[in-house]
Amino acid sequence: MFDRILDPTGLSVRPTNVAVAARRVPSLAGARVGLLNNTKRNAAQLLTELGDLLRDRYGAVVTIQRTKPHVAFPVDEPMLKEIAAVSDVVITGVGDCGSCSASAAADGIAFERAGIPAAVIVSDAFEVTARAMAGVHGDESFELLLTPHPVAVLNAEQVAERATELVADVANRVCELAR
């Protein structure tokens with residue numbers, strides 16, 4: 001009946017358990033920020049709000065905002081390369097369900113391995129799922145930025161509040177000076 005099995009990890013070979021962290025940017029002033037929306041409800045607004053806050057508070061510049069074609073699969077190589085080419089840091093999310101949390105973690109690790117510091121936003125209810133996928137991708141200690149669950153049901157004002165709550169954590173995750 002079925003002639004192939006889809007692997008939700010996006011991997012053809014399992015990596016060894018080796019954490020790889022990209023070098024943090026020295027400052028967010030003038031840093032190019034890429035935003036990767038995973039299609040979850042409110043993800044685009046949350047990422048846009050975070051980009052605006054990084055601009056207003058730290059002097060960063062959003063250079064690219066892309067939306068993945070599917071919430072459950074990790075970012076594909078062409079999109080990863082496109083975003084990495086014009087970004088010094090990347091914010092991705094929102095992991096607000098099982099498969100999207102897993103793919104958000106995989107996305108963050110992919111950007112880190114490409115040399116781009118990544119902030120991955122995941123709702124706290126799906127931390128276990130995201131951490132499991134990070135382990136599958138060889139980085140069990142990958143740092144996630146947690147926000148209270150759920151995100152998808154928030155109104156615009158609540159999403160803006162979440163961004164305000166997260167912006168310092170995002171800066172700390174990607175910037176050397178903010179640590």
Side-chain angles (χ1 to χ4, degrees), residues 4-12 32-55 60-87 89-114 116-137 139 142-167 169-170 173-174:
R4 67 182 189 165
I5 297 173
L6 297 178
D7 181 351
T9 66
L11 298 172
S12 57
R32 302 171 304 158
V33 177
L35 305 174
L36 179 58
N37 169 4
N38 67 353
T39 75
K40 283 297 290 190
R41 186 168 186 272
N42 288 332
Q45 182 190 346
L46 182 66
L47 294 173
T48 299
E49 295 277 352
L50 283 166
D52 291 347
L53 289 166
L54 290 172
R55 179 196 64 224
V61 178
V62 174
T63 54
I64 190 167
Q65 186 165 359
R66 291 291 180 261
T67 301
K68 292 186 345 178
H70 195 279
V71 68
F73 297 114
V75 63
D76 62 29
E77 193 69 21
M79 187 177 287
L80 184 140
K81 287 181 178 180
E82 176 191 19
I83 295 168
V86 295
S87 303
V89 302
V90 170
I91 309 168
T92 187
V94 171
D96 199 33
C97 71
S99 59
C100 65
S101 297
S103 69
D107 294 343
I109 290 169
F111 279 107
E112 291 279 341
R113 289 196 169 132
I116 307 297
V120 178
I121 314 289
V122 175
S123 71
D124 55 8
F126 292 97
E127 178 181 5
V128 171
T129 305
R131 290 202 186 286
M133 181 61 86
V136 167
H137 279 263
D139 192 350
F142 186 77
E143 183 181 347
L144 302 166
L145 301 181
L146 301 177
T147 191
H149 184 76
V151 175
V153 300
L154 301 177
N155 65 36
E157 184 178 303
Q158 292 168 318
V159 173
E161 288 172 18
R162 284 289 173 91
T164 299
E165 293 167 3
L166 284 164
V167 70
D169 291 337
V170 169
R173 172 75 178 120
V174 300

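In this chain, numbering begins with 1 at the start of the sequence shown.
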Check the pair R162, V159 against side chain to side chain contact (heavy atoms under 4.5 Å, CB included), reporting the backbone distance first and the verdict last. CA-CA 5 Å; R162 284 289 173 91; V159 173; 5.5 Å; no

Walk me through whether N155 and Q158 qualify under side chain to side chain contact (heavy atoms under 4.5 Å, CB included). CA-CA 5 Å; N155 65 36; Q158 292 168 318; 3.3 Å; yes

Verify side chain to side chain contact (heavy atoms under 4.5 Å, CB included) between H137 and F142, making sure each step is shown before the conclusion. CA-CA 10 Å; H137 279 263; F142 186 77; over 6 Å; no

Let's go through I91 and V33 carefully: what are the C-alpha distance in whole Å and the side-chain angles of both, what is the deciding distance for side chain to side chain contact (heavy atoms under 4.5 Å, CB included) to 0.1 Å, and is it a yes or a no? CA-CA 7 Å; I91 309 168; V33 177; 4.1 Å; yes

Run the side-chain donor-acceptor check on residues 69-76: report pairs under 3.5 Å with partners two or more places apart or on a different chain.
| residue | atom | partner | partner atom | Å |
| --- | --- | --- | --- | --- |
| H70 | ND1 | A72 | N | 2.9 |
| D76 | OD1 | M79 | N | 2.9 |

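Across all non-hydrogen atoms, the minimal contact from K68 to S103 is NZ-OG, 3.3 Å. For G93 against L47, the heavy-atom pair with the smallest separation is O-CD1, 3.9 Å. Between A43 and N37, the closest heavy-atom pair is CB-OD1, 3.4 Å. Among all heavy-atom pairs drawn from K40 and D96, the shortest one is CE-CB, 3.9 Å. Here the closest non-hydrogen pair linking T92 and G108 is CG2-N, 4.3 Å. Scanning both residues, M133 and A102, for their nearest heavy atoms gives CG-O, 3.0 Å.
Taking 4.5 Å as the limit, every side-chain heavy atom of R131 sits out of range of all side-chain heavy atoms of V128. I83 has its side chain out of reach of I116: every pair of non-hydrogen atoms, C-beta onward, lies at least 4.5 Å apart.
Among D52, L46, T48, the single residue meeting the side-chain contact (heavy atoms from CB on, under 4.5 Å) criterion with L50 is L46.
Between R113 and D139 there is no salt bridge, since no side-chain N of the basic residue sits under 4.0 Å from a carboxylate O of the acidic one.
The line from CD of E82 to CG of L36 is 10.5 Å long, rounded to the nearest 0.5 Å. Here L35 contributes atom CG and T63 contributes atom OG1; the two are 8.0 Å apart, rounded to the nearest 0.5 Å. Between H149 atom NE2 and E127 atom CD the span is 13.5 Å, to the nearest 0.5 Å. Atom CZ of R32 and atom CD1 of I64 lie 10.5 Å apart (nearest 0.5 Å). Atoms SG and CG, on C97 and N38 in that order, are 7.5 Å from each other to the nearest 0.5 Å.
A donor-acceptor contact closer than 3.5 angstrom is absent between the side chains of T147 and E165.
Under the 3.5 Å distance criterion, the side-chain polar atoms of E143 are left unmatched by any main-chain donor or acceptor of R173.
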